[in-house]
Amino acid sequence: MSKQIYLNLPVADLPKSIAFFKALGFADNPQFASDAGACVVISDTIFVMLCTRDRFRDFTPKAICDTSEAVEMLINLHCDSREEVDSLVARALAAGGSSYDQPEDLGFMYSHSFVDPDGHGWGLFHMTAAPDQG
């Protein structure tokens, strides 16, 4: 079995967050659904566990990052094409997300990003080739 990644993200409004990721075209896994959380299926190996803040606190004694003031991490997701990058950003913006940059084309890699309604940053990129190591 391949290794799987489960990202746990605290969210302020669980139904709003679920609707946001569904608007991006991602499915949910009802086996993990409750009043305190939901599982968003990004791929067959990547899952995002949306947790209410109270539920998230059960997993860590540390304070939850205030994403309006600070960044804890950036989530980067490889896409199959430039068009998929642009499509996901457009759907994110239409669903209530935001962006703080413009698309960037480095020749071997194309990228753009969005911020979800809870302030988590998502970098989307498509690579056509590995960068020159010269």
Side-chain angles (χ1 to χ4, degrees):
M1 181 168 153
S2 298
K3 292 197 180 343
Q4 298 177 331
I5 296 175
Y6 287 81
L7 301 171
N8 290 281
L9 298 179
V11 299
D13 183 331
L14 184 59
K16 180 178 178 179
S17 294
I18 293 168
F20 176 81
F21 285 99
K22 282 186 175 182
L24 295 182
F26 299 121
D28 64 335
N29 181 338
Q31 292 177 306
F32 293 105
S34 73
D35 291 342
C39 177
V40 176
V41 180
I42 303 295
S43 75
D44 56 349
T45 59
I46 304 170
F47 307 87
V48 177
M49 304 300 295
L50 303 174
C51 305
T52 62
R53 291 180 174 275
D54 287 341
R55 178 66 178 132
F56 192 84
R57 283 186 187 95
D58 291 338
F59 300 123
T60 180
K62 293 184 178 183
I64 296 173
C65 180
D66 178 354
T67 56
S68 69
E69 299 287 328
V71 173
E72 181 180 33
M73 71 172 170
L74 296 173
I75 303 161
N76 293 294
L77 181 65
H78 180 264
C79 296
D80 291 332
S81 66
R82 293 171 57 116
E83 293 76 22
E84 184 181 15
V85 169
D86 291 337
S87 175
L88 282 170
V89 171
R91 286 186 272 168
L93 297 177
S98 61
S99 184
Y100 50 80
D101 64 4
Q102 297 296 314
E104 184 175 30
D105 188 345
L106 300 175
F108 69 92
M109 182 174 69
Y110 178 77
S111 63
H112 200 187
S113 64
F114 68 84
V115 178
D116 69 30
D118 290 286
H120 307 292
W122 292 79
L124 308 175
F125 66 98
H126 172 69
M127 291 183 69
T128 56
D132 185 15
Q133 299 295 315

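To the nearest 0.5 Å, atom CG of residue L88 and atom SG of residue C79 are 5.0 Å apart. For the atom pair D116 CG and K16 NZ, the distance stands at 10.0 Å (nearest 0.5 Å). For the atom pair CG (D28) and SG (C39), the distance works out to 8.0 Å, reported to the nearest 0.5 Å. Here Y110 contributes atom OH and E83 contributes atom CD; the two are 8.5 Å apart, rounded to the nearest 0.5 Å. Here the straight-line distance linking atom CG of L14 with atom CZ of R53 works out to 12.5 Å at 0.5 Å rounding. Atoms OG and CG, on S111 and L124 in that order, are 9.0 Å from each other to the nearest 0.5 Å.
If you chain together hydrophobic residues whose side chains sit under 4.5 Å apart, M49 and V40 never meet in one group. Residues L77 and V85 are members of one and the same hydrophobic cluster, defined by side-chain heavy-atom contacts under 4.5 angstrom among Ile, Leu, Val, Met, Phe, Trp and Tyr. L74 and I5 end up in different hydrophobic clusters when Ile, Leu, Val, Met, Phe, Trp and Tyr side chains are linked at under 4.5 Å. The same ILVMFWY cluster, assembled from side-chain heavy atoms under 4.5 Å apart, contains both I75 and F26. Residues F47 and F21 are members of separate hydrophobic clusters, defined by side-chain heavy-atom contacts under 4.5 angstrom among Ile, Leu, Val, Met, Phe, Trp and Tyr.
Between C65 and A70, the closest heavy-atom pair is SG-O, 3.6 Å. The shortest non-hydrogen separation linking G107 to D105 is N-OD1, 2.8 Å. Here the closest non-hydrogen pair linking H112 and Q102 is CD2-C, 3.6 Å. Annotation for A95 and A23: closest pair CB-CB, 3.7 Å, computed over non-hydrogen atoms. Among all heavy-atom pairs drawn from D80 and H126, the shortest one is O-CE1, 3.0 Å. Nearest heavy-atom pair across H120 and P10 is NE2-O, 3.0 Å.
The aromatic rings of F125 and H78 lie perpendicular to each other, with more than 60° between the two planes, well past the 30° mark.
In terms of modelled atom types and a separation under 3.5 Å, the side chain of T128 and the main chain of F108 share a donor-acceptor contact. Formation of a donor-acceptor pair under 3.5 Å by the N8 side chain with backbone atoms of F56 is not found in this model.
Put simply, the side chain of D118 reaches to within 4.5 Å of the side chain of S17, judged on heavy atoms.
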Are T67 and E72 close enough, and set up right, to give a side-chain contact (heavy atoms from CB on, under 4.5 Å), and what steps lead you there?
CA-CA 8 Å; T67 56; E72 181 180 33; over 6 Å; no
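Atom CG of D35 sits in a sparse spot, with 12 or fewer heavy atoms from other residues, nucleotides or ligands closer than 6.0 Å.
Checked against W122 for a side chain to side chain contact (heavy atoms under 4.5 Å, CB included), the options V48, V115, N76 give a single hit: V48.
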